[in-house]
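Whatever order the structure lists ligands and atoms in, that order sets their numbers, starting from 1. Computed from a predicted model, the values in this text were never measured in an experiment.
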Amino acid sequence: MSESIKQLLEWATEQLYSNSCSARLDSEILLAHCLDKNRSYLLTWPEQIPTIEQQECLRELVRRRLQPQPVAYLVGHREFYSMQLITTPATLVPRPETELLVDTVLELIEGRSSVDILELGTGTGAIALALKKHAPAAQISATDISAEALAVARANAHKHQLEIEFIQSDWYRQTESRLFDLIVSNPPYIAATDPYLSQGDLPAEPRQALSSGETGLEALELIINDATGHLKPAGWIVLEHGYDQQSSVTALLQDAHFKDIRTLRDFNHLPRLTLARI
Ligand SMILES: C[S@@+](CC[C@H](N)C(=O)[O-])C[C@H]1O[C@@H](n2cnc3c(N)ncnc32)[C@H](O)[C@@H]1O
């Protein structure tokens, strides 16, 4: 039996309801993808009957969403800082809370004509690309240990016509002895033993993008301890971290002799980002 857009959305939302806290939104994104239209088309033409192929496409994506696969992997992209970014299972799905990191760095560099920024662990390139788009004069280098993630980041830079230097590197290793005005990172910070890693969409995302060891602080510690050798005088470090890692990150920064240490809260009022100056 043929079904209208409205009926298909109701069916998909009901199917996804138990698995996703954004069942209606997920359904709209999946159906819009199958129709090759945007979401407002669905609201404008609720009585339209999609083709059998389009209906089957939706059923298949709903089946995969229930596995669960993140919506971003099913449709192949995700919005970050108003940019549509190619997103694949090789990359973390960019999170809305990470936009705070971009806002914060843009404020720190406002009015500066030239600034060298190093992003560690770039994934889709979300942070580096958003910074370059809004601060075109900045020189941005971005590393990742994953060659597959870097291929996605490069494709995103090409898609948005933004020039970033991408380097395959284990944190700072391949950046040689270069010095930067800012080091920024959203590193893997979930403890390997945290049951959260086996919940929701997380099992589908690359483990090395989520966790770097037993405590969850391993990557943060390494990035902080080695930062002093890669920052220019008065350079900044800006780090995203878990909502419960504020005091650990602050202590690591103090031990590494950083000053002006400040933690900012995300849109859920959780301490999410800490910045400091050398
Ligand atoms: C939490 S994800 C952040 C991705 C992206 N910056 C974002 O905010 O959406 C962490 C990233 O760090 C990378 N990574 C993990 N270990 C690394 C290492 N030793 N050196 C460099 N990058 C690493 C992962 O591949 C992943 O892309």
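Surrounding CD of Q199 are more than 12 heavy atoms belonging to other residues, nucleotides or ligands, all under 6.0 Å away. Heavy-atom contacts from other residues, nucleotides or ligands closer than 6.0 Å to CG of D36 number 12 or fewer. Remark: E79 CD is packed, more than 12 non-hydrogen atoms of other residues, nucleotides or ligands lying under 6.0 Å away.
Applying the side chain to side chain contact (heavy atoms under 4.5 Å, CB included) rule to R265 yields the partners P271; only residues at least two apart in sequence or on another chain are considered.
I5 and L43 are not part of a single hydrophobic cluster, where members link through side-chain heavy atoms under 4.5 Å apart.
Between H230 and Y172, the ring planes lie parallel to each other; the angle is under 30°, not in the 30° to 60° tilted range.
Near ligand 1, residues L92, P94, T98, E119, G121, T122, G123, I127, D144, I145, S169, D170, W171, N186, P187, P188, Q208, A209 each place a heavy atom inside the 4.0 Å sphere around the ligand atoms.
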